[in-house]
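Worksheet for the structure shown next.
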Amino acid sequence: MSKSLNTSASESEQTVAQVIDTIAATTPDVRHAVAEYRGQSNSVNPSGDDQLAADLRADELFEQRLLDIDGVATYASEERADVETTDGRLHVAMDPLDGSSNLEPNSGMGTIFGVYSERPPTAGTNLLASGFVIYGPITSMVVARNDQVREYILEDGDKRLVDDDVTLPEEPTVFGFGGGVDSWTDDFESVAEEIRYELKLRYGGAMVADINQVLTYGGVFSYPELQSRPEGKLRHQFEGHPMAYIVESAGGRSSDGAQSLLETAPDELHSRTPLYLGNADLIDRIESTVN
Ligand code: AHG
Ligand code: MN
Ligand code: MN
């Protein structure tokens, strides 16, 4: 590798580390926002979802802090129509508050992020790192980077490593499928019916927490293609890619129903995708049924 390529690779590594630390450092303020900004905002995001005041506050906090990092060129988010740009080499795409409908019943919520080498909308193969935070009984963070997945506990925004090699257990235990039986296609319903008898249901309305169940216990999470909405619900760039990168780095598989989600790119910044994430055998089985 030439000297300049070497330098730019190590600059990118540094920027990735700064992004991860900055997101960790912002989490106490996001927890505060979740407690303080509990109402509606009377606005709608580019996906057509009502935005809570907490969605907007979390988005604003991450945008300000991440664009302050020298190497970060853009900030893209589920909560804003356009990509915010400045100078830099790397690009961050986020779901600032995942599972915000859980705010009212005080259930788990999170933050999802991906760091890309190309400006979104872009393919999952351009991810350099991704991760998520869970605002649960404790605040934890899972980060995938250089083929390794690490889990941290966050205390006052500082990371404490608790697992330096998160790997999906070989034996699957849990499943969580979004969308509801009435809205599924016949093919998905048939394989879901089999899995229902093999694994335990874990579905909480926030993919961060449901996917962390899969990382912990093994299994499968899906928000599939729906009869009335073949594109499913979840956002390709902000939710799909980062989570696919984590699950694949932890030894599992991702799919959009036909191929690895990482091999695909969203048509537009806010496009949705069906997704299937978890132990490889289960994803192979679902793929061969729905495809
Ligand atoms: P968001 O709050 O960012 O819109 O995301 C919610 C997502 C995802 O986290 C979760 O798995 C799914 O929507 C839940 O949808 P249902 O309420 O349809 O189950
Ligand atoms: Mn979300
Ligand atoms: Mn969200």
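Only heavy atoms go into these numbers, but all of them, side chains included; no hydrogens, no water, no symmetry mates. Start at 1 and go down the list; that is how both ligands and their atoms are numbered.
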Is [X] in contact with ligand 1, taking contact as a heavy-atom separation below 4.0 Å?
{"X": "Arg235", "result": "yes"}
{"X": "Asp55", "result": "no"}
{"X": "Asn102", "result": "no"}
{"X": "Gly178", "result": "no"}

Within the structure, does [X] bring an N/O atom to less than 3.5 angstrom of an N/O atom in ligand 1?
{"X": "Ser101", "result": "no"}
{"X": "Gly99", "result": "yes"}
{"X": "Tyr203", "result": "yes"}

Side chain, backbone, both or neither: which part of [X] has a heavy atom under 4.0 Å from ligand 1?
{"X": "Asp95", "value": "side chain"}
{"X": "Phe221", "value": "side chain"}
{"X": "Ala206", "value": "backbone"}
{"X": "Leu97", "value": "backbone"}

key: Nearest to the Mn ion (ligand 3) - the N/O/S atom of Glu78, by atom name   = OE2
key: Which residue and heavy atom of the protein sit nearest atom 18 (O) of ligand 1, plus the separation   = Tyr223 OH, 2.7 Å
